[in-house]
Amino acid sequence: MGIGVDAFLRRLAQELRPRAEESAGLLLRRLRDDMPELWEQQDIAELALEETAGHITRFLDVLEGRVDVAEVEAPPEALEVTRQAARRGLPISQLLRSYRLGHMVLIQLLQGEAARLSDDRELINDAGTRLVEAAFAYVDRGSEQVVVAYQEERDRRLQRRLLLANEASRRIGTSLDTARTAEELAEFGAEDFADVVTVDLLDSLLHDGGDRPPDTAAPAPLLRRVARRPAPDDDADLPVVPGRTHSCPAESEQARVLASEQPRLYRATAPGTGHRSALLLPLRARGNPLGLVQFLRHRTAVPFDEDDLLLAQEIAAVAAVSIDNALRYNQERTTALTLQRSLLPQRAVEQSAVDAASRYLPNDTRAGVGGDWYDVIPLSGARVALVVGDVVGRGLHAAATMGRLRTAVRSFADIDLMPDELLTHLDDVVIRLQREEAPGDGELSATCLYAVYDPVSRMCTLASAGHVAPAVATPPYARGVDAGWSVDFPEMSIGPPLGLGGLPFETTQFQLAEGSLLTLYTDGLIQSRGRDVDAARAALCDALTDGPDAPEEICDRLLAAVLPRNRSDDVALLVARTRALDPGHVTTLDLPPDPAAVSGARGHTARTLAAWGLEELAFATELIVSELVTNAIRYGKAPIQLRLILQSTLTCEVFDTNSTSPHLRHARTFDEGGRGLLLVAQLAERWGTRHSREGKAIWAEQALPGTDGVLG
């Protein structure tokens, strides 16, 4: 009987195949009655006939034995319908229900066809049983593929939301100008999110520096249109142009949003307008209402959905805080300037060592933002520290830990620890944080690469705690050849990740040619599932050798060429082009351990400052040099060397081979000494001690004339 059933099912499939499209239409009519919500989506409705015919054809292939049901692939139209449903926020449960209902109708069609082809009741019953089994297997197989496609589309939308929200926080609020901030909101929203964006602020906030409180009890508060993108045209439904005031009708959606202070997704198209959908969001910051922002779509085929509403809320929240900051600027100028320094990006700290650019990209998954970080820290003696690190884990906990470690690195850098010593102290910090962790927080660990570049000697000194080595690109002129750039990954000891304790870190040192590129990054840039790390490193090398562009352009090129398409990790990137300090801005003098050498050091200093045109600093600098050299001769060990460096500041350094650090102390009335370092501290803007394997250097920095005492 089994062979007879197989043959009968093949015949049944062959009889129905020429009428597959007709059967698809009949099946769709049944689904329209049972699930009308699916047909409200225009794009889904347009694909429905092709999708249904594809499913019928696939199922008939299974009945004819052309394909195993366990290996059957869903039609491309079915996966596209799934993606369209995900974009519109349609629940996956509705799609799966349509699968079940559709195959129930198809089974009924096949059973009716079976009764027409045979009057053998037993054969028909056996064939019906096989049909049901095959249909359930087909539905299970198709449902698995639909769920995967649906989740992939949702993940892509989440990635876009994270990137757009991050970009919005960078681009909106670049100044404390109210109108400009509103323009930035409108410009950002109209680029790749909405067709038209309008920003209306309560008119009362824009008068007299915002001293008048807004009349929120008024049934129709007066609004002023501050920004709109694209530029105003002849749309009849948006007659208000920027700069004009208006009031929203009491029964309008805008008035309801202002009154309730709740955002609204509006899909219904008003008669006579061309807008397919709208997002209406109140602007509110620090408990105060500010106005209303509208995101409108009329050319874009896809209407807004709930994900778009969440993204719009994040954008509006960023903008609202920035607008509120700008409004407060008109009330209290000094307070607003302080707020600007704390909330908005400040200028990079002036330093002569490198020209640097950086990027940070969150991961592509729902796991949340991780703990990648980077930093550029000016150090004494014209040097600079370059840092990249990665905290294991995701979410707020990882981000908070990253902030604590970044602060710790800055603190250790401020006392001029060598890279291996700094990582040892940072390892202790992580171990201490581990002990403070609450149960269930997960294992705390991190990696870190700490590099110090000296533009005077062009030496790079670095150490790694479980972090990937940097890439070093050398310009062709440094190698004396006409060929292009060369890229190497320096051989260095990669120490254990932070948090293990008791294991040493090692320092690597090498010299860099002027204009070299030092590229530090986290492993998310080159590591991903399904991609070979060596291939990623080769792509990184190619991108670095494409041309001598500025670091900002190199960052963009690296991300475009190397960044994995399906990232599962964050990426931090830091590109630094090295500079070499002009030899004419550095002078050294070897000194004997003899008190008589102090006079020679003062004379050398006076001549150097005269050559540099800094006679104005001669008196203070000679006193500083005198005290530092005297201190080294009395308490240090030979050899002793004086070094003067002219960069954004004037730096005096005295080296000796004694590792003991000096300390400030208050001399008693009749003491003959003890006032040297106190005098240095009074004359210099900053001073400190830097240790090395060979000993120590005591340094002091002075601001140059005309810099208002601002140190680089």
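Computed from a predicted structure; not experimentally measured.
No side-chain heavy atom of Val241 sits under 4.5 Å from any side-chain heavy atom of Arg225. In this structure the side chain of Cys448 never reaches within 4.5 angstrom of the side chain of His467, judged on heavy atoms. By the 4.5 Å heavy-atom criterion applied to side chains, Asp372 and Met402 are not counted as neighbours. For the pair Arg410 and Ile377, the minimum side-chain heavy-atom distance is below 4.5 Å. At least one side-chain heavy atom of Arg404 sits less than 4.5 Å from a side-chain heavy atom of Leu433. In this structure, Leu222 and Ser204 have side chains that are not in contact, with every pair of non-hydrogen atoms separated by 4.5 Å or more. For the pair Leu223/Asp203, no side-chain contact is recorded, criterion being any heavy-atom separation below 4.5 Å from C-beta on. Two residues are said to be in side-chain contact when any heavy atoms from C-beta on lie closer than 4.5 Å; Pro289 and Glu261 meet this criterion.
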Take Thr519 and Leu573, measure what side-chain contact (heavy atoms from CB on, under 4.5 Å) needs, and give me the verdict at the end. CA-CA 7 Å; Thr519 302; Leu573 174 65; 3.8 Å; yes
Please evaluate residues Leu205 and Leu202 with respect to the criterion side-chain contact (heavy atoms from CB on, under 4.5 Å), reporting the C-alpha separation (whole Å), side-chain torsions for both, the decisive distance (0.1 Å), and the verdict. CA-CA 6 Å; Leu205 296 174; Leu202 293 170; 4.1 Å; yes
Show your reasoning for whether salt bridge (Lys or Arg N to Asp or Glu O under 4.0 Å) applies to Arg229 and Glu183. CA-CA 8 Å; Arg229 284 291 182 273; Glu183 286 285 348; 2.8 Å; yes
Would you sort out whether Asp390 and Thr522 count as a side-chain hydrogen bond (donor to acceptor under 3.5 Å, both in side chains), showing the intermediate values? CA-CA 7 Å; Asp390 185 1; Thr522 53; 5.3 Å; no
Let's go through Arg557 and Asp549 carefully: what are the C-alpha distance in whole Å and the side-chain angles of both, what is the deciding distance for salt bridge (Lys or Arg N to Asp or Glu O under 4.0 Å) to 0.1 Å, and is it a yes or a no? CA-CA 10 Å; Arg557 190 166 69 226; Asp549 297 325; 2.4 Å; yes
Would Asp542 and Val562 count as a side-chain contact (heavy atoms from CB on, under 4.5 Å) here? Give the steps. CA-CA 9 Å; Asp542 291 341; Val562 187; over 6 Å; no
Run the side-chain contact (heavy atoms from CB on, under 4.5 Å) check on Val257 and Leu292 step by step: do they pass? CA-CA 8 Å; Val257 169; Leu292 175 75; 3.8 Å; yes
I would like to know whether Arg284 and Asp324 meet salt bridge (Lys or Arg N to Asp or Glu O under 4.0 Å); could you show each step before the answer? CA-CA 8 Å; Arg284 185 177 180 85; Asp324 187 55; over 6 Å; no
The test is salt bridge (Lys or Arg N to Asp or Glu O under 4.0 Å); show your working for Arg228 and Asp200 and say whether it passes. CA-CA 9 Å; Arg228 171 180 168 173; Asp200 300 326; over 6 Å; no
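If you run side-chain hydrogen bond (donor to acceptor under 3.5 Å, both in side chains) between Arg171 and each of Glu187, Glu184, Glu191, only Glu191 comes through.
With rounding to the nearest 0.5 angstrom, the OG1 atom of Thr447 is 6.5 Å from the CG atom of Asp523. Rounding to the nearest 0.5 angstrom, the gap separating the CG atom in Leu265 from the CG atom in Leu281 is 10.0 Å. Atom CG of Leu405 is separated from atom CG of Leu498 by 7.0 Å, given to the nearest 0.5 angstrom. We find the CG-CG distance between Leu520 and Leu386 to be 6.0 Å, quoted to the nearest 0.5 Å. Taking CG from Leu311 and CD1 from Ile315, the interatomic distance works out to 4.0 Å, rounded to the nearest 0.5 Å. Note that OH of Tyr521 and CD of Gln527 are 9.0 Å apart. Values are rounded to the nearest 0.5 Å.
Between the Arg256 side chain and the Glu251 main chain, a donor and an acceptor come within less than 3.5 Å of each other. With Asp195 contributing its side chain and His298 its backbone, the two residues share a donor-acceptor pair below 3.5 Å.
Residues Pro497 and Ser445 share a closest heavy-atom pair of CB-OG, 3.8 Å. Scanning both residues, Val318 and Ser169, for their nearest heavy atoms gives CG1-CA, 3.8 Å. Across all their heavy atoms, Ser175 and Thr181 have their closest contact at O-OG1, 3.6 Å. Residues Val226 and Ala179 share a closest heavy-atom pair of CG1-CA, 3.8 Å. Contact record, Tyr374 with Arg359: CE2-O, 3.7 Å, taken as the closest heavy-atom pair. Looking at every heavy atom in both residues, Gly499 comes nearest to Val430 through CA-CG1, 3.5 Å.
Arg286 and Asn325 share a donor-acceptor pair across their side chains, judged by distance under 3.5 Å alone. Side-chain contact of Tyr360 with Asp570: a donor-acceptor pair under 3.5 Å is present, judged by distance alone.
Using a 30° and 60° split on the angle between ring planes, Phe295 and Phe193 fall in the perpendicular class, above 60°.
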